[in-house]
Amino acid sequence: MAGWTEHTGYAVALPLQNVDTDQLIPARFMSNPRSEGYGRFLLHDLRRDTEGIEHPDFPLNRHQNASVLVTGQNFGCGSSREAAVYALVDAGIQAVIAPSFGDIFAGNAANNGLLPAQVSEKTAAKLIDALGSTSSQIHLQLETGRIDLEELNFAFDLEPSWRTKLINGWDDIDLTLQHLPDIARHKERQIRDHSWAWPKAGQGQ
Amino acid sequence: MSPPRTLLDRLWAAHEIVQHADGKSLLWVDRHLVHEGSHHAFSKLKARRAKLAEPDLTFAVVDHYAPTRRQNRIADPQIARMIETLRSNAEEYDIRLFDLDDPEQGIVHVIGPEQGLTLPGLLVNCGDSHTSTHGAFGALAFGIGATEVAHVLATQTIWQTKPASMRIQVEGSLGPGVSAKDIALNWIAQLGSGGAKGHAIEYAGSVIRNLSMEGRMTLCNLSIEGGARMGMIAPDETTASYLKGRVFAPQGSAWDAAVEAWAELRSDHDAEFDTDFRIDGAEIAPTVTWGISPDQALPVTATIPDPASQVNGKAQTVRDALDYMGLSAGRPIEGTPVDQVFVGSCTNGRIEDLRAAAAVLAGRKAKVPGLVSPGSTLVKARAEQEGLDQIFIEAGLDWVASGCSMCVGMNGDLVPPGKRCASSTNRNFRGRQGPGARTHLMSPAMVAAAAVTGTITDVRPLLKGRAA
Ligand code: SF4
């Protein structure tokens, strides 16, 4: 995963609350390998009617080139499926701006270069208002945590560790491997003091 | 004297290997459960040419895509491929697999405890949000995404920020026909689906102490639907007696050492929680959802909300939900006709849940079709021993094999578009049970009541004179 520090793109408003990961990608698409790309599944059933025809006025259909979504609270709640993030990323989305996110979703996002930018309810409402049904140029900076949308300028919140990860494009596994001796020590201590915690402890298998 | 500590503090400290400057802790993972959906994580492991760190602490199960009619060949090649991929990964990495024909197969959150893999004091991870279920044993249990699953596979550890602590105390006692499902829907309706965001919930109080392990699992399972990262309950006698003698549980002197260690797993009486919430058990009624988010829930005796009387800009949310659900504001929720019913899932697919549904259905006929899918193959066998299968079959419901089934529809068990399903599952999201499907969440007893009348129904009158 490549790191990034700033992004300029087009933002659209998705004025919905509690967009759950079942909406972001319906379960029936999740058996596809990632190599085929998940972008076409993004918000599939909200974007299309039962015949598969796109609703012309759904925000992402109107603005196919959008790379930033501004939306309501609790975005990405529900299932832990990382495929929800894959669908966003593969559709070219780089950041989602919302008052709150599902916890697992936000962690998954940071692991895939997608910024979960948290703003106040008020800011989200202002941004959604400003965008209306249009799309506007937006500029995001990770270091400073700033959002510029035309003449509006706002701050967003981001967990420090996620900021670092997004900027460096780091993979946690590399970081963790530096702690192998600590892990080994912890394991030894566990075996010594809490051997019952191993499966079938005391069963002399 | 050390400051008072919560159960969360104790579990966290016991698993913390190091803490990073940014506040994240590296935690040791005692049990890692994988399923068909973990294929992305195995691909990542392969791409790195990494080894599986601890095959003995990793367990795999076929559940999300498990066909519930096992005698038939799997017709859908995509589903067959998902199961095959898990099989080949389990074989390649030498992981114990609970496969379709295994007598101990079942939904990951049902078999973890059933097999004694889940124990108090352990950290349990699975690439599934309802991993919070295992917290019912006093374990640190939470769902993770695919990148994290790959991390656990490669290192047997996970980076996490310690959540805030929250206590939900339920005191008094529950009325007849009211179960753990109703407690969960009740608090989620009160606090909202993001109400416990960033928190680990500890459930406490006399009602919780009196719940069976099955009830505690239902409650912890649904923690995520209120936004919590995890749910937990301090282990006690009920916990130990559930676990004793289970396949993977400690035995002999290891059992004694375990029980001794578990006695420490509790919150100090003067421990402080970041958030505290109390519920009077007597005030909880059988509860059903009316909308498309688990917090859109009401006592079965209530009326469907009116968008016009909503505050905080909720009007549109309510309107959208009613529109999707095909319901009219201001009408009683009771009496709403349903097209079908479903009993099952990791939320309410355990033996006690099947007994509760059977207690209502015994000697009665279902007015609508429905599916009963036990949470595990062992639960299925047990139910058959008790004759519960006959009750369901005689009522006219389909008695099928175990798996996630109609909770998520990945195996093809779907609710058709526009159809309404009374369901013992955990999510009533748009399209969760199939495109256009309308889901009403409720307890298994309430699902059985809906089957009997063909409408959403208060189960309490149907329980009169019966042992529930
Ligand atoms: S039963 Fe439903 S919620 Fe539980 S693990 Fe399966 S799909 Fe997830």
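Labels below follow one simple rule: chain letters A, B, ... track the order of the sequence lines, proteins then strands, and each chain is numbered from 1.
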When you compare the side chain of [Y] with that of [X], does any pair of heavy atoms fall below 4.5 Å?
{"X": "B/Phe142", "Y": "A/Asp103", "answer": "no"}
{"X": "B/Glu148", "Y": "A/Glu82", "answer": "no"}
{"X": "B/Trp28", "Y": "A/Asp182", "answer": "no"}

Atom pair [atom1] ([X]) and [atom2] ([Y]), whose distance is rounded to the nearest 0.5 Å:
{"X": "A/Trp162", "Y": "B/Lys24", "atom1": "CH2", "atom2": "NZ", "result": "5.5 Å"}
{"X": "A/Ser161", "Y": "B/Gln160", "atom1": "OG", "atom2": "CD", "result": "10.0 Å"}
{"X": "B/Arg229", "Y": "A/Ile104", "atom1": "CZ", "atom2": "CD1", "result": "4.5 Å"}
{"X": "A/Asn111", "Y": "B/Lys44", "atom1": "CG", "atom2": "NZ", "result": "7.5 Å"}
{"X": "A/Leu16", "Y": "B/Thr317", "atom1": "CG", "atom2": "OG1", "result": "8.5 Å"}
{"X": "A/Trp196", "Y": "B/Asp256", "atom1": "CH2", "atom2": "CG", "result": "13.0 Å"}

Non-hydrogen atoms of chain B under 4.5 Å away: do they reach the side chain of [X], the backbone, both or neither?
{"X": "A/Arg34", "value": "both"}
{"X": "A/Phe105", "value": "neither"}
{"X": "A/Asp193", "value": "neither"}

Minimum heavy-atom separation for [X] to [Y], with atom names?
{"X": "A/Met30", "Y": "B/His39", "answer": "O-NE2, 3.4 Å"}
{"X": "A/Asn18", "Y": "B/Ser293", "answer": "ND2-OG, 4.4 Å"}
{"X": "A/Pro199", "Y": "B/Asp56", "answer": "CG-O, 3.6 Å"}
{"X": "B/Ala14", "Y": "A/Gln190", "answer": "O-OE1, 4.2 Å"}
{"X": "A/Thr176", "Y": "B/Thr157", "answer": "CG2-OG1, 3.5 Å"}
{"X": "B/Val247", "Y": "A/Gln203", "answer": "O-NE2, 2.9 Å"}

Is [X] close to chain A through its backbone or its side chain, or both, or neither, when contacts mean heavy atoms under 4.5 Å?
{"X": "B/His130", "value": "neither"}
{"X": "B/Val408", "value": "both"}
{"X": "B/Pro163", "value": "neither"}
{"X": "B/Arg81", "value": "side chain"}
{"X": "B/Glu54", "value": "side chain"}
{"X": "B/Thr85", "value": "neither"}
{"X": "B/Ala249", "value": "backbone"}
{"X": "B/Ala261", "value": "side chain"}

Mind ranking [options] by heavy-atom pairs under 4.5 Å with chain A and telling me who comes out on top?
{"options": "B/Ala53, B/Ala150, B/Gly198, B/Pro294", "result": "B/Gly198"}
{"options": "B/Ala21, B/Gly23, B/Ala254", "result": "B/Ala254"}
{"options": "B/Asn426, B/Asp320, B/Leu117, B/Thr155", "result": "B/Thr155"}
{"options": "B/Gln78, B/Arg31, B/Gln115", "result": "B/Arg31"}
{"options": "B/Ile224, B/Asp30, B/Ile144", "result": "B/Ile144"}

Taking atom [atom1] as the centre, does [X] end up with more than 12 heavy-atom neighbours from other residues, nucleotides or ligands that are less than 6.0 angstrom away?
{"X": "B/Glu260", "atom1": "CD", "result": "no"}
{"X": "B/Lys162", "atom1": "NZ", "result": "yes"}
{"X": "B/Lys46", "atom1": "NZ", "result": "yes"}
{"X": "A/Trp4", "atom1": "CH2", "result": "yes"}
{"X": "A/Phe58", "atom1": "CZ", "result": "yes"}

Problem - Flag for A/Asn108-B/Thr147: side-chain donor and acceptor within less than 3.5 Å - result: no

Tell me which of these, [options], has more heavy-atom pairs under 4.5 Å with chain B than the rest.
{"options": "A/Arg185, A/Gln23, A/Gln17", "answer": "A/Gln23"}
{"options": "A/Leu180, A/Leu175, A/Thr50", "answer": "A/Leu175"}
{"options": "A/Arg28, A/Arg81, A/His44, A/Lys187", "answer": "A/Lys187"}
{"options": "A/Pro33, A/Gly202, A/Pro26, A/Ser79", "answer": "A/Ser79"}

Handout entry: Lys/Arg-Asp/Glu bridge criterion (N-O < 4.0 Å) met for B/Arg48, A/Asp171
Key = yes

Problem - side-chain contact (heavy atoms from CB on, under 4.5 Å) between B/Arg430 and A/Leu46, worked out - result: CA-CA 9 Å; B/Arg430 283 173 201 265; A/Leu46 285 180; 3.9 Å; yes

Handout entry: Under 3.5 Å: donor-acceptor pair, side chain of B/Lys197, backbone of A/Ser100
Key = no

Handout entry: A/Thr164 vs B/Asp22, side-chain hydrogen bond (donor to acceptor under 3.5 Å, both in side chains): CA-CA, chis, key distance, verdict
Key = CA-CA 9 Å; A/Thr164 316; B/Asp22 61 20; 5.3 Å; no

Handout entry: Geometric class of the B/His40/A/Tyr38 ring pair [parallel <30°, tilted 30-60°, perpendicular >60°]
Key = perpendicular

Exercise for the section: Indicate, with yes or no, if the rings of A/His179 and B/Trp159 have centres closer together than 6.0 Å. Expected result: yes

